[in-house]
Amino acid sequence: MELHQRIVSAPVDFGAVRSEFGLASAYPAEAGAEARDASDAFAGVRIDRTDLELVTIDPPGALDLDQAVHLLRTDTGFTVHYAIADVAAVIAPHGALARESGARGQTFYLPDGTVPLHPPVLAEDTASLLPDRTRPAVLWTIDCDHEAEPVRVDVRRALVRSRARLDYAGVQAAADAGTLPAPLAALPEFGRLRSESGLARGAIGLRLPSQRVVRDAAADGHWRLELEPRTAVDDWNEQVSLLTGMCAARLMLAPVADRLGILRTMPSPPESAVDSLRRTAAALGVPWPAETSVGRMLAGLDPNAPAGLVLMSEATTLLRGARYTVFGERDPQVRAHSAIGAPYAHVTAPLRRLADRFATEICLASSAGTPVPDWVRDGLDAVADTMKRTDAVAGKVDRACLDLTESTLLAARVGEEFEAVVLREADGRRAAEIFVAHPPILGPCAGAPPEGARVRVRLAAADPVTRKIGFAFGE
């Protein structure tokens, strides 16, 4: 098993993926110049909150740091301070940089580097919440009760200064050792309370294995596949972001607001999909009482056991149709995000997502009782269209990079056998889907392997030119 984990691919040219999807890293000269010369348009109105001991939690090596957090346990509950990079303060609304980022929509992440939404001089330096540097930010202050439910929200522009750049593994180790730094000491309790709140709302979370392509340090120019470890800290930190996004939606929907906003929405799953999941659970012998929600059933599963893998894989069919929904006085209908169980907006990653910059400005206006800027009001429909287009491209880019690495890595191993878990059995319209742990691969499998079973399969094809792989069972 360990030998298989060290198998690495031949050199992979991800430039071919960039070309296929028209991803251009270079910024136009005028937009790049604006980024280099950017200054804070709101310098005169900021409050100074450099006293807050904020910290960031990001993957190792990340420089585009959107969020910094300080979480305090109080006599009445919790106070969340969440500083978000103030991108709108350094981008002129109608300049070349705004036009270029408006076309790009979001940052695309490839194994060998990013295709950024904003030039690195801004996203990874002057606008990033790097440690020990005073930065303009939008500061969310959310007071919560003892159950971690929000009771007061304040949003305003501030100057902040992060104290440390932390990563998930390091924070998890500190949590396990009981040595979390003061700004995060309350995070485990807060995260668990917010997770329970989500389940009570009907939220649905999946913990499927997440593949990623990483450079192999022992083989220059080569790559390997890894499973992305998800720690408890990932879940707790995600709850801070989700809470902020829910509070953002409330501000947009408040009766005193302009009744204008851009939400991240997802329709409720069809009953047929839930019924199908119930049938699968019954076939696998997984108890699922009628009164138990989908989210609670999934939360009780072991994601490493075959039954857990199968049910979480099938549950992806419940989480479809996510989109950005613009609403206003002429279109007051508002839909919630079914996987979150509440109205929700993206506001916490403006360095990486275009929509967050616009949504944040609406929240600032709502909190202050001032009009939404015209450039925001006039641009929302175009933003929603751009996010729809680029979300589709981002999913295809991620899949293409994985497919290219998988097929390259396995090209010399056609005919070998692998241990696998059957996630979905063949249904006449599509082949069975299996999960191979070493190397970590999700792929199609010919034959009729039984769903939920651990089986041995043979690698039947791996072609880097077409980026296709295929396994076979029982042949």
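One distance of note links CD of Gln67 with CG of Asn237; it measures 7.0 Å at 0.5 Å rounding. The distance from atom CG of Leu242 to atom SG of Cys247, rounded to the nearest 0.5 Å, is 11.0 Å. In this structure, the separation between OG on Ser313 and CD1 on Ile434 is 12.0 Å, given to the nearest 0.5 Å. The CG atom of Leu351 sits 8.0 Å away from atom CG of Leu65, with the distance rounded to the nearest 0.5 Å. With rounding to the nearest 0.5 angstrom, the NZ atom of Lys388 is 10.5 Å from the OG1 atom of Thr325. The structure places CG of Asp391 at 5.0 Å from CD of Gln106, a figure rounded to the nearest 0.5 Å.
The nearest pair of heavy atoms linking Leu409 to Pro439 is CD2-CG, 3.7 Å. Residue Ile57 comes nearest to Asp167 through the heavy atom pair CG2-C, 4.1 Å, listed as atom of the first residue, atom of the second, then distance. Of all heavy-atom pairs between Val17 and Ala400, the closest is CG1-CB, 4.1 Å. For the residue pair Ala103 and Thr390, the shortest heavy atom distance occurs at O-CG2, 4.5 Å. Of all heavy-atom pairs spanning Ala88 and Glu361, the tightest one is CB-OE2, 3.3 Å. When every heavy atom of Ile262 is checked against every heavy atom of Ala345, the shortest pair comes out as O-CB, 3.8 Å.
Leu63 is linked by a side chain to side chain contact (heavy atoms under 4.5 Å, CB included) to Glu124, Leu130, Arg165, counting only residues two or more places apart in sequence or in another chain. For Arg429, the side chain to side chain contact (heavy atoms under 4.5 Å, CB included) test picks out Asp427, with sequence neighbours left out. Scored by the salt bridge (charged side-chain N to carboxylate O under 4.0 Å, His left out) test, Asp154 finds Arg156 as partners (sequence neighbours excluded). Applying the side chain to side chain contact (heavy atoms under 4.5 Å, CB included) criterion to Thr74, with sequence neighbours excluded, gives Leu72, Thr76, Thr79.
The closest side-chain heavy-atom distance from Pro150 to Leu243 is below 4.5 Å. Considering only heavy atoms from C-beta on, Trp236 stays 4.5 Å or farther from Thr231 through its side chain. Counting heavy atoms from C-beta on, the side chains of Ser407 and Ile469 come closer than 4.5 Å. Counting heavy atoms from C-beta on, the side chains of Met387 and Phe358 never come closer than 4.5 Å. Counting only heavy atoms from C-beta outward, the side chains of Glu149 and Ser197 approach each other to under 4.5 Å. In this structure, Ser101 and Val87 have side chains that are not in contact, with every pair of non-hydrogen atoms separated by 4.5 Å or more. Looking at Leu298 and Leu301, their side chains come closer than 4.5 Å, going by heavy atoms from C-beta outward. Contact annotation: the side chain of Leu184 never approaches that of Leu71 to less than 4.5 Å [non-hydrogen atoms, C-beta and beyond].
Checking side-chain atoms of Asp143 against main-chain N and O of Val151 turns up no donor-acceptor pair under 3.5 Å. Side-chain N or O atoms of Gln172 include one that pairs as donor or acceptor with a backbone N or O of Val233 at under 3.5 Å. Distance alone, capped at 3.5 Å, places no donor-acceptor pair between the Ser366 side chain and the Ile362 backbone. Side-chain atoms of Thr317 do not come within 3.5 Å of backbone N or O of Ala273 as any donor-acceptor pair. Remark: side-chain polar atoms of Arg201 are paired, donor with acceptor, to backbone N or O of Ile340 under 3.5 angstrom. Between the side chain of Ser367 and the main chain of Cys363, no donor-acceptor pair closer than 3.5 Å is present. Looking only at distances, a side-chain donor or acceptor of Ser338 sits under 3.5 Å from a matching main-chain atom of Pro267. Thr408 places a side-chain N or O within 3.5 Å of a backbone atom of Leu404 that can act as its donor or acceptor partner.
Salt-bridge annotation for Arg278 and Glu314: absent, with no side-chain N of the basic residue lying under 4.0 Å from a carboxylate O of the acidic one. The residues Arg18 and Asp112 are annotated as salt-bridged, a charged nitrogen and a carboxylate oxygen being separated by less than 4.0 angstrom. Electrostatic pairing of Arg456 and Glu417 counts as a salt bridge here, judged by a charged N lying under 4.0 Å from a carboxylate O.
Among residues at least two apart or in separate chains, ring pair (Phe, Tyr, Trp, His ring centres under 6.0 Å) pairs with a member in residues 167-212 are Phe78-Phe190.
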Taking it one step at a time, do Thr265 and His337 satisfy side chain to side chain donor-acceptor pair (under 3.5 Å)?
CA-CA 4 Å; Thr265 62; His337 193 295; over 6 Å; no

Does the pair Val69 and Leu187 meet the rule for a side-chain contact (heavy atoms from CB on, under 4.5 Å), with working shown?
CA-CA 10 Å; Val69 63; Leu187 184 61; over 6 Å; no

Audit row: Thr141, Val80, side-chain contact (heavy atoms from CB on, under 4.5 Å) steps and yes/no
CA-CA 6 Å; Thr141 301; Val80 179; over 6 Å; no

Mind running side-chain contact (heavy atoms from CB on, under 4.5 Å) on Thr405 and Phe14 for me, showing each step along the way?
CA-CA 9 Å; Thr405 306; Phe14 295 105; 3.5 Å; yes

Applying side chain to side chain donor-acceptor pair (under 3.5 Å), run through Ser241 and Thr348 and close with a yes or a no.
CA-CA 7 Å; Ser241 182; Thr348 62; 3.0 Å; yes

Please walk me through it: do Val326 and Val383 pass side-chain contact (heavy atoms from CB on, under 4.5 Å)?
CA-CA 9 Å; Val326 175; Val383 168; over 6 Å; no

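A donor atom on one side chain and an acceptor atom on the other are not found under 3.5 Å apart for Gln239 and Asp235. With 3.5 Å as the limit, one finds no donor-acceptor pair spanning the side chains of Asp275 and Ser272.
Tested against Glu406 for a salt bridge (Lys or Arg N to Asp or Glu O under 4.0 Å), the candidates Arg467, Arg399, Arg224 yield a single pass: Arg399. Only one option out of Leu423, Val421, Thr280 pairs with Glu451 in a side-chain contact (heavy atoms from CB on, under 4.5 Å); it is Thr280.
Below 30°, between 30° and 60°, or above 60°: for Phe418 and Phe471 the angle between ring planes is above 60°, a perpendicular geometry.
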Pairs under 3.5 angstrom only: tabulate donor-acceptor contacts from the side chains of residues 440-449 to other protein residues two or more places apart or in another chain.
none

